[in-house]
Amino acid sequence: MPLLNINRKTASEKMWKWRYKIQHIGDSGEKTLSDFSSSESGDSKRGGPAAVSSAAAASNSKNGEFGASASIKTLYEGPNSREDYYNWVDYPPRQMSKSAARAQERVAIKVYKVKDTAKPVISGKFSLRYHMLEIQNPMLVAAIAEILKKQDSHLDISDNARFSHPFRELWFGYDDIVAKHRSLEETEPADPLKPYLLLLIRLLDDVFADTRVKLKALKESGLISFKLAWTLFPKDKTVITWGNNCELLSKVDNTSYHSHAGKVTFTIHGHVLRFDGRGFLWETYSTTINEFGGNRPITELEVYPLALHETAADVRARSTARGRKVLDYQGLTYAKYSGIAIQSGVKEAGKHNVEGRVLIDVIGYNRHHLAQGAREGTDPQTKKRQLVVGDDEDTTPISTMSGNANITLAPASASTTVKRLGVPAQERNKKAMLELEAKEPLLMYMFPLIQGYALKNKLWVSFFIEDIETMVWNDEAFEHLVYNEQQKDLIMSFVESHCSNAAARKTKQPKAMEDVIAGKGKFSRGSDFEVDPPLTPNTGQGLVMLLSGPPGTGKTLMAEAVADRSRRPLFYLQAEDLGISAAVLGANIKKVFQMATEWDAVILLDEADVFMAERHPQDIARNELVSIFLRELEYFRGIIFLTTNLYSTIDSAFRSRVSLHLLFNALTPEARTLVWRKFLDRLAPSGGAQAEQQLDVKKKAAVPNSEETVDESITDEDIKELAAWQLNGREIKTAVKMTRTWCDHKGYEMTLSRLENGIKVTSPHASKASHEQDTSLYDE
């Protein structure tokens with residue numbers, strides 16, 4: 001039987017071929033100029049150039065040259081053609097007669113059906129399903145065009161309207177079509193559109209009959225099939241998904257099925273609200289459901305309508321609270337963070353554990369991580385998606401730190417690309433968003449991630465908004481720092497004076513001293529910052545402080561304490577963060593200095609010896625590193641702390657660029673006594689499992705700014721004994737910490753004997769003596 005069918009088909013095709021050729025005997029199938037209407041060219045009537053050209057072409061066609069004939073040959077798609085392969089023939093396929101074509105054009109709606117391969121074939125008979133609907137009546141097309149605009153479907157009322165299976169637009173617009181018909185019945189019974197609308201409604205009832213029956217049974221059980229999943233997601237439906245390991249609400253735009261490499265997926269295209277550094281705008285967000293067999297509970301899908309969630313009201317409240325939190329992060333914000341952060345936009349994209357202090361900085365993320373400039377987001381498509389946007393006149397080239405740390409930074413030139421919203425613009429944005437929220441819930445659609453910089457990880461990442469905590473400054477660190485009080489006051493005075501330069505520059509106060517070359521102490525080369533002469537030698541230029549001394553004497557703590565006391569981020573760096581090759585050092589240090597200046601951060605470059613070592617003619621590579629560092633440091637206008645254990649090896653050219661040199665000598669017995677007291681004072685009451693009661697704490701000696709007291713089992717004499725051990729501050733801290741852990745675990749009291757045993761296991765090299773070690777290396 002199949003062979004017979006093939007023969008009949010082949011025979012029919014051959015009969016049609018020869019019938020066409022017999023009817024067109026003598027016709028070469030080519031069109032020349034004479035075959036076209038003479039009305040197309042007046043020249044041919046007058047025997048002008050066209051007529052002459054036609055005659056010449058006729059004579060040239062006889063010589064057989066390639067392309068010599070001025071004619072057109074038409075080829076047609078032949079048998080056995082497919083999308084990726086066409087069998088071209090010189091006769092057309094069988095076509096509809098004119099009378100049949102006219103009959104087709106008379107109908108208001110045309111319906112196309114195909115074999116339904118999802119249903120079984122019984123005795124060679126196929127079930128059919130609706131494949132396409134074509135609406136030809138102009139009135140009907142115009143009527144449903146207005147209705148389907150709600151589904152983001154825009155029809156051309158001058159052309160037929162075509163809809164393909166599964167007829168998503170008509171499914172979700174059905175109720176509006178019925179309402180339109182009822183409205184005509186009540187207000188305009190004689191309207192000629194009414195019968196056409198009723199005809200379409202009856203057709204749609206038939207098209208969706210099976211779908212409605214299946215959906216009713218499935219929804220009663222809270223189930224859905226993969227093929228009918230699209231019915232759950234009308235336009236603007238609020239859906240919930242567990243995106244990026246947190247609840248995410250989005251609005252549906254449309255849905256689509258895709259097949260690739262034998263796998264079928266269902267994608268829900270929607271949009272969420274996001275802050276882009278300037279304002280709030282809608283951004284596309286898509287979720288994919290992989291094909292599954294049978295039926296699944298709706299609430300087990302990767303995404304489903306929020307209305308079906310068992311605690312939908314609580315989800316809305318949590319998402320709205322998260323969105324309100326974003327309104328306070330429009331500027332540069334210094335905060336604490338504990339959780340997972342997402343790194344994207346680079347090859348090593350992934351998740352990172354972030355613990356500690358971070359900077360919320362969307363503008364900085366866009367500029368430094370995504371390399372976006374001032375023109376980003378100015379295209380018409382982006383502007384259409386903008387909901388609220390800050391005014392240009394309210395941007396500040398180097399932004400004011402907002403939220404937990406309010407710092408006024410120096411203004412830069414108007415041409416800079418670093419533009420963050422000023423406080424007035426932030427407040428207007430917030431007010432505008434809250435006004436829109438009062439009319440319609442919007443904040444619950446806020447994207448759960450916001451961009452910034454993880455200071456400890458040294459990465460540009462996206463933070464989960466719910467894991468961002470308020471910044472807690474440590475004011476006690478500066479008080480607990482064991483250092484000369486007058487010099488501590490001097491250091492803070494220099495830092496505060498340097499920080500006040502923004503106001504001095506803004507009011508254009510007279511300059512006490514200027515460099516011979518204007519621009520030193522500024523980011524003048526290859527940057528976007530203004531170039532103008534510094535105010536004074538140390539306050540107008542960068543403030544460079546060198547901290548030298550043995551390990552554990554408080555150098556790092558000094559920088560940390562000053563940063564917290566001045567309410568500024570601490571940008572901790574080591575040599576490997578900048579690179580130890582000349583090829584990368586220059587670019588890295590420019591970027592680091594630029595970021596620190598934008599943030600008004602305090603840089604701590606720990607163990608900076610590799611960049612400060614004295615240059616030697618034999619070590620060209622080292623010389624190049626030192627030269628690059630010196631050059632960039634000369635034009636740095638921020639605050640930087642440099643620590644070293646080897647002051648005597650520092651290059652003389654570098655020493656001349658240091659604003660302050662703080663010398664940290666080995667701790668004296670008196671200093672060690674004070675350090676021991678401070679660490680013991682900070683201990684919480686004992687929590688040993690076997691302790692009968694918590695140990696009382698009382699102060700044995702006057703300790704400034706200390707609210708805690710030393711363990712009562714540790715006397716003044718005991719502390720003097722402990723101070724006899726030649727330890728640095730870090731070693732004392734470790735000994736106290738480990739001994740306390742031991743005592744808590746065993747339920748012991750902390751005594752001199754146990755502390756000394758702790759010293760012996762944490763610092764076995766330490767000796768107990770009355771004389772001090774040689775510190776001549778750091779004596780000046």
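Each residue takes its place number in the sequence, starting with 1.
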Student: Around H260, counting heavy atoms of other residues, nucleotides and ligands shown, do more than 12 lie under 6.0 Å from its NE2?
Tutor: no
Student: Counting C-beta onward and ignoring hydrogens, is there a side-chain heavy-atom pair between E560 and N474 closer than 4.5 Å?
Tutor: no
Student: Does E291 pair with K263 as a salt bridge, N-O distance under 4.0 Å?
Tutor: no
Student: Do you know which two heavy atoms are closest between W460 and G452, and how far apart they sit?
Tutor: CE3-O, 3.3 Å
Student: Would the distance check show the side chain of E469 and the main-chain N or O of K336 forming a donor-acceptor pair, the cut-off being under 3.5 Å?
Tutor: no
Student: Which label fits F571 and W599: parallel for a plane angle under 30°, tilted from 30 to 60°, or perpendicular past 60°?
Tutor: tilted
Student: Report the relative orientation of the aromatic rings in H309 and Y304; use parallel for angles under 30°, tilted for 30 to 60°, perpendicular for over 60°.
Tutor: parallel
Student: Check whether E634 reaches the backbone of R631 with its side chain - one donor and one acceptor, N or O, closer than 3.5 Å.
Tutor: no
Student: Does a side chain donor of either T267 or H269 reach within less than 3.5 Å of an acceptor in the other side chain?
Tutor: no
Student: Are side-chain heavy atoms of V562 and R565 found at a separation under 4.5 Å?
Tutor: no
Student: Got a sec, which residues hit salt bridge (Lys or Arg N to Asp or Glu O under 4.0 Å) with R324, two or more places apart in sequence or on another chain?
Tutor: none
Student: I'd like to know if the side chain of H369 and the backbone of S344 have a donor-acceptor N/O pair within less than 3.5 Å.
Tutor: yes
Student: Would you sort out whether L605 and L578 count as a side-chain contact (heavy atoms from CB on, under 4.5 Å), showing the intermediate values?
Tutor: CA-CA 10 Å; L605 182 53; L578 299 177; 4.1 Å; yes
Student: Are R318 and E466 close enough for a salt bridge, meaning some N to O gap below 4.0 Å?
Tutor: no
Student: Side chains of E598 and H368: donor-acceptor distance under 3.5 Å anywhere?
Tutor: yes
Student: Would V362 and Y329 count as a side-chain contact (heavy atoms from CB on, under 4.5 Å) here? Give the steps.
Tutor: CA-CA 9 Å; V362 179; Y329 295 146; over 6 Å; no
Student: Flag the pair F266 / T255 as yes when at least one side-chain heavy-atom distance between them is below 4.5 Å, and no otherwise.
Tutor: yes
Student: Would you say the ring centers of F463 and Y365 fall short of 6.0 Å from each other?
Tutor: no
Student: For the residue pair F226 and Y257, is the inter-centroid distance of their aromatic rings smaller than 6.0 Å?
Tutor: yes
Student: Just checking W473 against Y334, ring centres under 6.0 Å apart?
Tutor: yes
Student: Are the side chain of Q426 and the backbone of L421 linked by a donor-acceptor contact shorter than 3.5 Å?
Tutor: yes
Student: Is D236 salt-bridged to K150, going by a charged N under 4.0 Å from an acidic O?
Tutor: no
Student: What distance do E496 atom CD and I491 atom CD1 have between them, rounded to the nearest 0.5 Å?
Tutor: 12.0 Å
Student: Any chance you could lay out the side-chain contact (heavy atoms from CB on, under 4.5 Å) test for F464 and I342, step after step, and finish with the verdict?
Tutor: CA-CA 8 Å; F464 287 94; I342 309 296; 4.2 Å; yes
Student: Evaluate the side-chain proximity of M433 to L273: yes if any heavy-atom separation is below 4.5 Å, no if none is.
Tutor: yes
Student: Examine distances only and state if a side-chain atom of T241 and a backbone atom of E302 form a donor-acceptor pair shorter than 3.5 Å.
Tutor: yes
Student: With the side chain counted from C-beta on, respond yes when T238 and R316 share a heavy-atom pair under 4.5 Å apart, and no when they do not.
Tutor: no
Student: Any chance the side chains of D152 and H154 put a donor and an acceptor closer than 3.5 Å?
Tutor: yes
Student: Salt-bridge test for K430 and D328: reply yes if a basic N is under 4.0 Å from a carboxylate O, no otherwise.
Tutor: yes
Student: Main chain of D606, side chain of Q574: is a donor-acceptor contact present, judged purely on distance under 3.5 Å?
Tutor: no
Student: Could you list the residues that satisfy salt bridge (Lys or Arg N to Asp or Glu O under 4.0 Å) with R357, not counting sequence neighbours?
Tutor: D564
